[in-house]
Amino acid sequence: MRQLFVLDPLAQINPQKDSSAALMQAAQRAGDEVWVCTPEDLIARGDEPLAMALPVTPDPWITAGACERLRLNGFDVIWMRKDPPVDEAYLYATHLLEVAERAGVRVFNRPSALRAWNEKLGALRFSRWMAPTLVAGRVHELEDFAKEQGEVVLKPLGGRAGQGVIRVAASSPGLKALLELVTEQERLPVMAQRFLPAVENGDKRILLVDGDPLGAVNRRPTSGDFRSNLAVGGQAEATALTEREHQICAALAPALRAEGLFFVGIDVIDGMLSEINVTSPTGIREVERLMEQPLADQVIERLQRQN
């Protein structure tokens with residue numbers, strides 16, 4: 001197969017930690033051609049999808065050949081692995097990838113789903129598996145919810161890697177001012193969720209491939225912080241899925257398959273679904289290291305089975 005990875009510039013990728021690098025190297029081991037480009041390299045000439053792409057040898061990291069202007073329908077698979085933010089440029093890139101999809105190329109994850117599934121709001125489809133959650137922009141709504149729950153976590157809807165996530169008690173004297181700040185004076189909605197004290201024991205990242213859970217790691221917060229994201233210092237450790245976590249994965253699977261969300265990372269705290277990460281889920285390297293599991297190779301094998 002010929003695979004194209006649409007991602008951030010290669011110089012920004014740490015191959016020791018990055019899931020995109022793991023997938024690219026697994027594709028090479030499977031005997032596939034590997035090409036890369038950035039979203040800025042995507043082109044549509046009429047209804048013809050094109051890209052300025054580089055052929056690469058990702059293992060050892062990384063050797064790149066000369067840039068070529070190629071038809072995207074010459075690829076078997078395109079991976080959209082650009083990291084957030086999901087801004088205007090990101091959204092336009094998904095539209096350009098839909099031109100390739102209409103030309104018969106498989107794009108993962110599906111461009112329309114990347115637009116539709118905000119990583120916070122997408123989880124609301126499965127609210128029965130979540131801690132009590134409110135999304136609102138009105139300060140009085142958020143204030144009432146905080147008083148009802150006692151202590152909440154506030155999440156910006158466009159945030160990633162734990163950035164901007166705040167834990168606050170209803171009794172905090174500055175609660176109203178804080179809510180005005182995070183909503184930008186009631187201009188933007190935010191997500192509020194009941195704080196789960198069990199987060200001190202970890203926040204589990206579960207990686208689903210075509211709806212099936214193939215790997216997981218537990219991410220434990222560092223001392224003095226409640227956030228467990230690896231990007232803010234959380235420590236990864238080996239784990240196994242509980243029965244409830246298997247039930248959550250089974251509940252999500254039909255929707256993920258139906259909407260073309262082939263590679264997804266969900267976050268679960270104390271048996272409660274927190275987020276559904278669809279843009280460029282991470283965690284492959286941690287699963288491979290801690291669980292001694294060739295997860296990237298398993299992902300590519302699943303992909304080839306679908307061909």
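Not measured: the values here are computed from a predicted model.
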*asked:* Donor-acceptor pair, distance only, cut-off 3.5 Å: does the side chain of N109 make one with the backbone of V278?
replied: yes
*Is the closest basic N to carboxylate O distance between R219 and E286 below 4.0 Å?*
no
*Establish, yes or no, whether the cationic atom of R110 lies under 6.0 Å from the six-membered ring centre of W117 and within 45° of the ring axis.*
no
*Linking I/L/V/M/F/W/Y whenever any side-chain heavy atoms sit under 4.5 Å apart, do V299 and V264 land together?*
no
_Any non-hydrogen side-chain atom of V209 less than 4.5 Å from a side-chain atom of F262?_
yes
_Under 3.5 Å donor-acceptor, R2 side chain and V77 backbone_ = no
*Does M80 share a hydrophobic cluster with L72, counting links as ILVMFWY side-chain heavy atoms below 4.5 Å and allowing steps through other members?*
yes
*In sequence, state the C-alpha distance, the side-chain angles, and the governing distance for R187 and E184, and then conclude on salt bridge (Lys or Arg N to Asp or Glu O under 4.0 Å).*
CA-CA 5 Å; R187 192 179 69 84; E184 297 187 9; 2.4 Å; yes
*So, the side chain of D203 versus the backbone of D267: is there a donor-acceptor pair under 3.5 Å, distance only?*
no
_Pairing of R244 and D270 as salt bridge, 4.0 angstrom limit_ = no
_Check: V139 main-chain N/O paired with E186 side-chain donor or acceptor under 3.5 Å_ = yes
_Side-chain H-bond candidate by donor/acceptor type, Q28 with D59, under 3.5 Å_ = no
*asked:* What verdict does the salt bridge (Lys or Arg N to Asp or Glu O under 4.0 Å) test give for D297 and R29, after you've listed the backbone C-alpha separation in whole Å, the side-chain angles of each residue and the deciding distance to 0.1 Å?
replied: CA-CA 8 Å; D297 296 282; R29 286 193 293 272; 3.0 Å; yes
*Any salt bridge between E143 and K176, counting N to O under 4.0 Å?*
no
*asked:* Assigning hydrophobic clusters by single linkage (Ile, Leu, Val, Met, Phe, Trp, Tyr; side-chain heavy-atom cutoff under 4.5 Å), is M130 placed with I276?
replied: yes
*According to the interplanar angle, ranging from 0 to 90°, do the rings of F75 and W35 count as parallel (below 30°), tilted (30 to 60°) or perpendicular (above 60°)?*
perpendicular
*For D144, which residues count as a salt bridge (charged side-chain N to carboxylate O under 4.0 Å, His left out) partner, sequence neighbours excluded?*
none
*Is the number of heavy atoms from other residues, nucleotides or ligands under 6.0 Å of N14 CG greater than 12?*
yes
*Decide whether L261 and L7 are clustered together by the hydrophobic rule: side chain heavy atoms of Ile, Leu, Val, Met, Phe, Trp, Tyr closer than 4.5 Å, transitively.*
no
*Are any side-chain N or O atoms of R45 and backbone N or O atoms of L50, one a donor and one an acceptor, separated by less than 3.5 Å?*
no
*asked:* Please tell me whether D83 and Q12 have a donor and an acceptor in their side chains that are separated by less than 3.5 angstrom.
replied: no
*Do R81 and M24 come close enough that some side-chain heavy atom pair is under 4.5 Å?*
no
_I'd like to know if the side chain of K204 reaches the main chain of A240, judged simply by a donor and an acceptor atom lying under 3.5 Å from each other, with no hydrogens or angles considered._
yes
*Going hydrophobic residue to hydrophobic residue with side-chain gaps under 4.5 angstrom, can you get from L114 over to F108?*
no
*Identify whether the distance between the nearest side-chain nitrogen and carboxylate oxygen of R71 and E48 falls below 4.0 Å.*
yes
